[in-house]
Amino acid sequence: MDTTELLRVKREYERYVGRKLLFIIFTSTLIIVVAGISATLGSYPISVSEVYSIILKCLISHPESTKESIVWNLRMPRIILAIIAGAGLASSGAMTQGILRNPLATPYTLGISSAAGLGAAIAIILSKGIFVGKYVIVGNAFLFSLIPTFIILALARFKGSTPETMILAGIAMMYIFSAITTILMYFAEPEAVKSAYFWMVGDLGRALWEIIPTIFISLLICFTLLMWKTWDVNVMMIAGDEVAKSLGVNPERERIFVMLASAFLTASIISFTGTIGFICLVAPHICRMIIGGDYRYLLPASTLFGGALLLICDTIARTILAPVILPVGVVTNCLGGPMFLYLLMRRKKEYW
Amino acid sequence: MKIRIKGLEFSYNSIPALKDVTIDIYESEIVAIVGPNGSGKSTLLKCIDKILKPQKGAILINGKSVKDFSQIEIAKAIGYVPQGIKQFFPATVFEVVLMGRRPYLSWRCSRKDLEKVFAVLKLLNIENIVMRDFNELSGGQQQKVLIARALAQEPEVLLLDEPTANLDIKHQLEVMEMIRTIVKEKGITAIVAIHDLNLASRYADRIVMMRSGKVFAVEDPNNVLTPTNIEKVYGVKVRVIKLDRMMYVVPLDPLDSLD
């Protein structure tokens, strides 16, 4: 009886893991399919099969015809940026929720978004960035967005890094940075205020091939680092700090490490796109409801799902009021909000 | 594994919790730590497991100071079962027990780790609840799962902080029997902080009695659990009854004040 019981249990466990892997495969396929469809949509009609053959052709040679140029130079950078940005935001959101043991926590809670907003606003309004040239706004936003991270780091050094301190310090900085931004806007020209405001809503309209490698490399490095820490985050999340220590994990050190990697990733994305909200909060939660909280599977799942979600939202943003293109941040909130509420109501058991 | 605690002192923000604690603990014995609330039982366990760092004194494991062990090495030698069962983040029993393999994993968990988890679950007779949600289990089952997690660490010392609190009498006995079986079969040492003096006298080889951070007495149950000792440490008048070669402490009246 014992051995058959054990075999049954083992099979049950394998099915349980299988379901998670299935979800990961499903989201990867979803990204590829949606990317194909998304590339056909727009004011210039191109069929799905044409799109795929153009993409394959342009991978090896330069685009020649108008069609090729539209797909490759206009639509593809935007699609790829949407996938990378969504993936990066979702993965840093998932890990931040884990280390802070708080369902509302995201890198934005740690003050990154408002600091980036201030950096961008300064660059736009005063036109004085730390970098000169066309990346003034990007560079300024990036540098500013790292400030809250280093303040929290300094605080952790002297006062310890409990989740509560980190969140409270983050919220405090959020208020400080938004207040400074408001003062700046108050005295600025209306045109500059408008463009600073739109920067903060978040938009993928600035997608160009030349920015893709930077963001992609940052995603690749940070994702690998985060993936490496999934065991420790599992332990800290499920068992708490004390038991984590008894299992050989140093919770303070891991918390700082994961925070740094997530903050860097978020900063490098939002300095190009503006603060796209909600993906980093909602994508991990949706995945948690579907496949559970084990980070070894949850992190890759959230990353892929975040990419798919932002791509879908951006496709809608481009097409729903065409030829007007809505900022994607608006669509993520309008679409993600109700979707999240629906899942919250439908879920069968507690997942957080 | 032999543990020697020498002149240990610990304080939380200058409020002393342990004062000059000196105890020797030997291989494959069950040591119960008893004492009133706030007498330093949990703090002592946490110091042994290096969760807290004592300000003074030393803890030697087989002659080597705990300070010279890395957290991972400690985790491989000592399993810790925390006090009380807090609301957990939702996780299956399997996931909770798998955490116990963390000290041995680089990143991937191998078939061997999974087998070890299944073996521990089988040892504690809880393999039928593997895929259940931890939070949906009864208190007794949860306690067993937490012990299973500590055992998955393959420790030589097991630290248990009030493992019978909030359990019904059957589960109290089951959990204590389980600890005794593990200690005997695996030859490991168990240090158990416990409030129930009757359970302590029944299962412990030796009892450490603590009062306000100091060791009051260390000896076998018969010599520690005397009416005079209990009166001095707890401020309660008791009668100790012997029945079928077992000792029972029956509380009579609380005294007005200590000393």
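Note on naming: letters A, B, ... go to the chains in the order of the sequence lines (proteins, then strands), and numbering restarts at 1 for each one. Everything numeric here is computed off the predicted structure, so don't read it as measured data.
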So with a 6.0 Å cut-off around [atom1] of [X], is the heavy-atom count from everything else above 12?
| X | atom1 | answer |
| --- | --- | --- |
| B/Lys6 | NZ | no |
| B/Lys186 | NZ | no |
| A/Phe216 | CZ | no |
| B/Lys56 | NZ | no |
| B/Arg180 | CZ | yes |
| A/Tyr342 | OH | no |

Top contributor to chain A interface from B/Leu105, B/Asn128, B/Leu121 [non-hydrogen pairs under 4.5 Å]: B/Leu105
When the ring planes of A/Tyr13 and B/Phe118 are compared, do they come out parallel, tilted or perpendicular, using 30° and 60° as the limits? perpendicular
So which of A/Asp241, A/Thr230, A/Asp232 has the biggest tally of heavy-atom pairs under 4.5 Å with chain B? A/Asp232
Rounded to the nearest 0.5 Å, what's the gap from [atom1] on [X] to [atom2] on [Y]? Could you check?
| X | Y | atom1 | atom2 | value |
| --- | --- | --- | --- | --- |
| B/Glu95 | A/Arg296 | CD | CZ | 7.5 Å |
| B/Leu98 | A/Asp294 | CG | CG | 8.0 Å |
| A/Glu242 | B/Gln83 | CD | CD | 9.5 Å |

Would A/Lys10 and B/Glu115 pass as an ion pair if we require N to O under 4.0 Å? yes
Between B/Arg132 and A/Glu12, does any side-chain N to carboxylate O distance fall below 4.0 Å? no
Looking at every heavy atom in both A/Gly248 and B/Ala75, which two are closest together, and how far apart are they? N-CB, 3.6 Å
Quick check: closest heavy atoms across A/Ser246 and B/Gln153, and the distance to 0.1 Å? O-NE2, 3.4 Å
Quick one: which of B/Gln71, B/Lys50, B/Lys46 gives a side-chain contact (heavy atoms from CB on, under 4.5 Å) with A/Lys245? B/Gln71
Who are the side chain to side chain contact (heavy atoms under 4.5 Å, CB included) partners of A/Leu343, not counting sequence neighbours? A/Ile286, A/Met289
Side chain, backbone, both or neither: which part of B/Ile51 has a heavy atom under 4.5 Å from chain A? both
Within the structure provided, determine whether A/Val243 and B/Met99 are in side-chain contact (heavy-atom separation under 4.5 Å). no
Side chain proximity check, B/Phe134 to A/Ile238, heavy atoms < 4.5 angstrom: no
